[in-house]
Amino acid sequence: MQNSLSNNLWKINQQLATVCLSHPFVQGIADGTLPHKSFAYYVGQDAFFLKAFARAYSIAAAKSPDWKTFELFHALAGGVKEELQLHQNYAAAWGVNLETITPGFSTRRYTDFLLATAWSNNIGAIAAAMTPCMRLYAFLGQQLATPEIPEHQYSEWIRTYSSQDFEHLTQKLEKVIDSYADNTQEAESTYCYAMLCERDFFQAAWEMASVNRVEE
Ligand SMILES: Cc1ncc(CO)c(N)n1
């Protein structure tokens, strides 16, 4: 919806969305040239991230004032479980052991923020913290799938996030913002903080390709 709070929050963060789209990590996925080392690190970190993300959805489910919203968050957590299955497949293909992942700095900062928000806020604020993750990836997926999904080693990533399923889940979460979040400075800064975490998540994975970081 054009004038909705969720749409306004997204529009305010257009510049950050563009920064993510043109980030060398994302462009490397777009044209298939992203170094394996970088993608392998990302897959491991993302599996850790997604587990926290699913837990945050479940906390939101428990806090939901009505059953319909409970079911929605439960379904969203189910969507993350499917995404994690995809990561299991990637991990097997890319030689990453998901059982022994330790979170890097940017990963931990993002998951700590999400879980702290989930435990201490209402579902409107929780949705404001969690929507950038969905809307940004839907945006990136759809951009990278235009005019068509390229065929290379990262096609599956683009297919997942450009899918109608992912767009639908994103819109459902945005509706929670529109129904339950207050249009405040806090909602805006929460949304923006998550966008910054997203950018740094790509940056950390990108640096993996060139620098030997302590997390390695
Ligand atoms: C860090 C991050 N943000 C968003 C998504 C999309 O679910 C993801 N898999 N990982």
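Owing to the predicted nature of the structure, the values given are computational and were not obtained by experimental measurement. Both ligands and their constituent atoms are indexed starting at 1 by order of listing.
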Legend entry - atom 4 (C) of ligand 1 [closest protein heavy-atom partner, distance rounded to 0.1 Å]: Cys133 SG, 2.9 Å

Legend entry - Nearest-neighbour protein heavy atom for atom 3 (N) of ligand 1, which is reported as residue plus atom name and distance: Glu198 OE2, 2.7 Å

Inset, instruction - State whether a side-chain donor-acceptor pair under 3.5 Å links Asn7 with Ser4. - result: no

Legend entry - Numbering as shown, the atoms of ligand 1 that approach Leu50 to under 4.0 Å (heavy-atom distance): 9 (N)

Inset, instruction - Taking atom types as modelled, find out whether Tyr90 and Glu156 have a side-chain donor-acceptor pair closer than 3.5 angstrom. - result: no

Inset, instruction - Heavy-atom contacts with Tyr161 under 4.0 Å: which atoms of ligand 1 show up? List them by number with element. - result: 6 (C), 9 (N)

Legend entry - Residue, atom name and distance, where the atom is the protein heavy atom closest to atom 10 (N) of ligand 1: Asp46 OD1, 2.6 Å

Inset, instruction - Go through the side-chain N and O atoms of Glu174 and Thr131 and say whether any donor and acceptor fall under 3.5 Å apart. - result: no

Legend entry - Side-chain ion pair, Glu167 and Lys172, N-O less than 4.0 Å: no

Inset, instruction - Looking only at protein heavy atoms, identify the closest one to atom 7 (O) of ligand 1 and say how far it is in Å. - result: Glu83 OE2, 2.9 Å

Legend entry - Test of ring centre spacing under 6.0 Å for Phe139 and Trp10: yes

